[in-house]
Amino acid sequence: MYTLSNRLRLFSIVLMVIGLIGLIVGFGQRPGSIQEVKEMMAAHDAHGGGHGDSHAISDDHAKNTHGTETHGASEDAHGGDAHYEHVLHQLQNKPWAALYVAAFFFFMIALGVLAFYAIQFAAQAGWSPVLFRVMEAITAYLVPGGIILFVILGLSGFHINHLFVWADPEVVAHDKLIQGKAGWLNGTGFIIRAIIFLGGWMTYRHFAVKYSRLQDEDATGNKWYKKSFKISAAFLVFFIYTESMASWDWIMSFDPHWFSTLFGWYVFASLFVSGITTIALITIYLKSKGYLDFVNNSHIHDLAKFMFGISIFWTYLWFSQFMLIWYSNIPEEVTYFITRIEDYKLPFFGMLAMNFIFPLLVLMNSDFKRVNWFVVMAGIVILCGHYIDVFNMVMPATVGTSWFIGISEISAVLLFLGLFLFVVFRALTKAPLLAKGNPYIEESKHFHY
C-alpha cells in the first residue's frame, strides 16, 4: 500500500494556498473603469514599455479596435473611449481566462488518462495492468476537477463573466453569424451538454474502478474483468463523440466565427499525450520512492513510445489544420491563425517547438526511452507545451493583445497543480498498487521488450 508522505501533502496544500491567494490578488488588480485603464496605459508609456504587462497594454494601446495605429488625438478620431472600453473588458477577463486555462488543462490530463485506461481494457492489453492503479488514481481528479470546471462553465455560459462572446446578448443582437448558431450556442444547451459529458465520463470511471476492486477480491473467475471490458468498449464510443462536442463547446466556441472539422481530434491528441505523460511521470516518481517494483524499464519504454507517437500525431493534426486553412486563405478562417502569429508569436511558435521538435529529438532514440531522467525531462516539456497550447486556444479570444504571464496565470497553475497532486496521491492510498485480480497481471509483471 502506498502511504502519502507528510512532505508531499504539505507541498500540495501550500501550492493550493499560494495559488488561491494569488488568484484573489489577480482578481483584485483588475481595472474597474476606463479611467483606470487610461492611467495604467499612461504609467506604462511613461516607463517606456518593456516586458510583462507593459508589453500587453502598450501593444494594445498601439491599436484601435480596427487594428490601425493610434496616437494622441488620432485615437479619439478612431473611436475615443470605445478602444479603452475594449481593453477594459480584456483586462477584466484576464484572471477568469487564466483560471479557465488551468482548470481545463488539469481536467484534460485526467480525461486523457481515463481514455487510455479504457483502451487498455477494450484492447485486452497484456503489458499495462501493472499501471492500472496509477491510472485509476489520476482519474480520481475527474470529480473535483470536473465540478470546478462545471462551475466556471456555468458562470461563463450565463454571462456572469465575459469569456464567451456568444453568451453576451448585446453582442448576439448585432452579430448575424452568432444568431445563426444560437440553437447550439446558448447557455441552457451549453450547461445541459456539460452535465451529459461530465456525468458520462464520471459514471464510467466510478464503475471501472469499482469493478477493478471487485476483481481483486474474486478468486473464482473473471466476471468483473469481463464487465470492465464491456463498459470500456461502450465508453469509448460515448467518449469519442462527447470529447469532440466538448472541445467545440469549451474551446472552439471562444471564437464563434471560426470552426475546424479537425478540432475535436486536435484537442483529443493534446489531452491524450498529456495524460500518458502524466502516467509516466508519476510511475517514475513512485519507483524512485521504492514502490512499483513490478514495473520495469520495458513499461517505461512503452509509455515513452506513446509519448513520442502521440506527439507526432498531434503535430500531424496541427499541421493539417494549419496548412489547409492557411493555404485556402479564406478571411474568416485564416484570421484565427493570423491573430495568434501576430499577437502570440512566442507562445505560438514556442508551443510547436515544445510539443514536436523537443519530443522528436529526445525520444526518437529507443535507448533514451529507457532512461528515466530523459523521460522525465521530455515529459515536463511536453506538459508545459500543451498548457501553452491551451493558453493559445483560449487567450486570443478572451484577452486579446492584453495578455501577459502574470500573477493570475502563475497562481492558477499552482492552485490546480496542488489540487491535482493532493487528489491523485491521496487516491493512491485507497487500494494496493497492484491490480492482482486482473487476468493479465502475470503477463504484465513479466513484460519485456
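- For the 3.5 Å distance criterion, the side chains of His299 and Asp302 fail to qualify, holding no donor opposite an acceptor.
- The closest donor-acceptor contact from the side chain of Lys227 to the backbone of Tyr211 lies at 3.5 Å or more, if one exists at all.
- Between Phe337 and Trp326, the ring center distance fails the sub-6.0 Å criterion.
- Checked against the 6.0 Å centroid criterion, the rings of Phe356 and Phe319 do not qualify as a close aromatic pair.
- At a threshold of 4.0 Å, the pair Lys223-Asp218 does not count as salt-bridged, since none of the basic side-chain nitrogens sits closer than that to a carboxylate oxygen.
- Between the side chain of Asn186 and the backbone N or O of Ala182, at least one donor-acceptor pair lies under 3.5 Å.
- Shown are Ser228, Ser128, Ser444; of these, the side chain to side chain donor-acceptor pair (under 3.5 Å) with Gln120 is made only by Ser128.
- With rounding to the nearest 0.5 Å, the separation of CG in Leu419 from CG in Leu414 is 12.5 Å.
- Judged purely by atom type and a 3.5 angstrom limit, Tyr344 uses its side chain to pair as donor or acceptor with the backbone of Gly400.
- Contact annotation: the side chain of Ser366 approaches that of His301 to within less than 4.5 Å [non-hydrogen atoms, C-beta and beyond].
- Here the side chains of Thr315 and Asn355 are not in contact, with every heavy-atom distance at 4.5 Å or above.
- Heavy-atom minimum distance, Arg370 versus Ser298: NH1-OG, 3.5 Å.
- Side-chain contact, Trp224 with Asp216: no donor N or O sits under 3.5 Å from an acceptor N or O.
- Applying the side-chain contact (heavy atoms from CB on, under 4.5 Å) test between Trp201 and each of Val143, Thr242, Ile196 identifies Thr242 as the sole match.
- Here Ile407 contributes atom CD1 and Ile24 contributes atom CD1; the two are 10.5 Å apart, rounded to the nearest 0.5 Å.
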(request) Please test Phe106 against Tyr141 for side chain to side chain contact (heavy atoms under 4.5 Å, CB included), starting from the C-alpha separation and ending with a verdict. (result) CA-CA 8 Å; Phe106 283 96; Tyr141 180 79; 3.8 Å; yes
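- With contacts defined as side-chain heavy-atom distances shorter than 4.5 Å, the pair Leu4/Leu428 does not qualify.
- Taking the side chain as every heavy atom from C-beta outward, Phe235 and Arg205 never approach each other to under 4.5 Å.
- A pairwise comparison of heavy atoms in Ile279 and Val134 identifies O-CG1, 4.2 Å as the closest pair.
- Here CG of Leu415 is found 13.5 Å from CZ of Phe420. Values are rounded to the nearest 0.5 Å.
- At a threshold of 4.5 Å between non-hydrogen side-chain atoms, the residues Phe422 and Leu15 do not count as touching.
- Between the CZ atom in Phe254 and the OH atom in Tyr100 there is a gap of 4.5 Å [rounded to 0.5 Å].
- Heavy atoms only, all atoms of each residue included: Leu23 and Ser408 are closest at CD2-O, 3.8 Å.
- Taking every heavy atom of both residues into account, Val376 and Leu281 meet most closely at CA-CD2, 3.6 Å.
- Rounding to the nearest 0.5 Å places CG of Leu153 at 12.0 Å from CD1 of Ile148.
- Although no hydrogens or angles enter the test, the distance criterion places no donor-acceptor pair under 3.5 Å between the side chain of Ser253 and the main chain of Trp250.
- The ring of Trp166 has its center closer than 6.0 angstrom to the ring center of Phe190.
- Residues Glu332 and Trp258 fail the side-chain proximity criterion, which asks for heavy atoms closer than 4.5 Å.
- Partners of Glu442 according to the salt bridge (charged side-chain N to carboxylate O under 4.0 Å, His left out) rule, which considers only residues two or more places apart in sequence or in another chain, are Lys445.
- A distance-only check finds a donor-acceptor pair linking the side chain of Asn392 to the backbone of Pro347 [under 3.5 Å].
- Counted within 6.0 Å of OH on Tyr291, heavy atoms from surrounding residues, nucleotides or ligands total more than 12; the atom is thus considered enclosed.
- Side-chain atoms of Tyr204 and Ser232 include a donor-acceptor pair closer than 3.5 Å.
- Taking 4.5 Å as the limit, some side-chain heavy atom of Met377 sits within range of a side-chain heavy atom of Phe358.
- One distance of note links CE of Met351 with CZ of Phe391; it measures 11.5 Å at 0.5 Å rounding.
- Of all heavy-atom pairs spanning Met393 and Asp255, the tightest one is O-OD2, 4.2 Å.
- Partners of Glu136 under the side-chain hydrogen bond (donor to acceptor under 3.5 Å, both in side chains) rule, at least two apart in sequence or in another chain, are Tyr117, Arg133, Ser212, Arg213.
- Side-chain rings of Tyr225 and Phe121 approach one another, their centers coming within less than 6.0 Å.
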(message) Using the rule given for side chain to side chain contact (heavy atoms under 4.5 Å, CB included), can you reason through Ile341 versus Phe349, listing the C-alpha separation, both sets of side-chain angles and the distance that settles it, and then say yes or no?
(response) CA-CA 8 Å; Ile341 291 172; Phe349 290 107; 4.2 Å; yes
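- For Tyr440 and Trp127, the ring centers are positioned 6.0 Å apart or more.
- Between Tyr285 and Phe425, the ring planes lie perpendicular to each other; the angle is over 60°, past the 30° to 60° tilted range.
- Minimum heavy-atom separation, Asp175 to Leu177: OD1-N, 3.1 Å.
- Between Asp343 and Pro396, every side-chain heavy-atom pair lies at or beyond the 4.5 Å cut-off.
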(message) As a quick check of understanding, evaluate side chain to side chain contact (heavy atoms under 4.5 Å, CB included) for Ile195 and Phe150, giving each step before the final call.
(response) CA-CA 8 Å; Ile195 292 172; Phe150 180 76; 3.6 Å; yes
(request) Test side chain to side chain contact (heavy atoms under 4.5 Å, CB included) on Leu163 and Asn93 and set out the steps. (result) CA-CA 7 Å; Leu163 290 182; Asn93 267 346; 4.2 Å; yes
Can you give me every donor-acceptor pair (side chain of residues 261-277, partner residue at least two apart or in another chain, under 3.5 Å) with its distance?
residue: Tyr266; atom: OH; partner: Asp389; partner atom: OD1; Å: 2.8
residue: Tyr266; atom: OH; partner: Asp389; partner atom: OD2; Å: 3.1
residue: Ser270; atom: OG; partner: His386; partner atom: ND1; Å: 2.8
residue: Ser274; atom: OG; partner: Ser270; partner atom: O; Å: 2.8
residue: Thr277; atom: OG1; partner: Val273; partner atom: O; Å: 2.7

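- Between the side chain of Thr335 and the backbone N or O of Pro331, no donor-acceptor pair lies under 3.5 Å.
- Taking the ring axis of Phe404 as reference, the NZ or CZ atom of Lys94 stays within 45° of it and closer than 6.0 Å to the ring centre.
- Two rings, from Phe308 and Phe368, have their centers 6.0 Å or more apart.
- Side-chain atoms of Glu409 never come within 3.5 Å of backbone atoms of Ala98 as a donor-acceptor pair (strictly under, hydrogens ignored).
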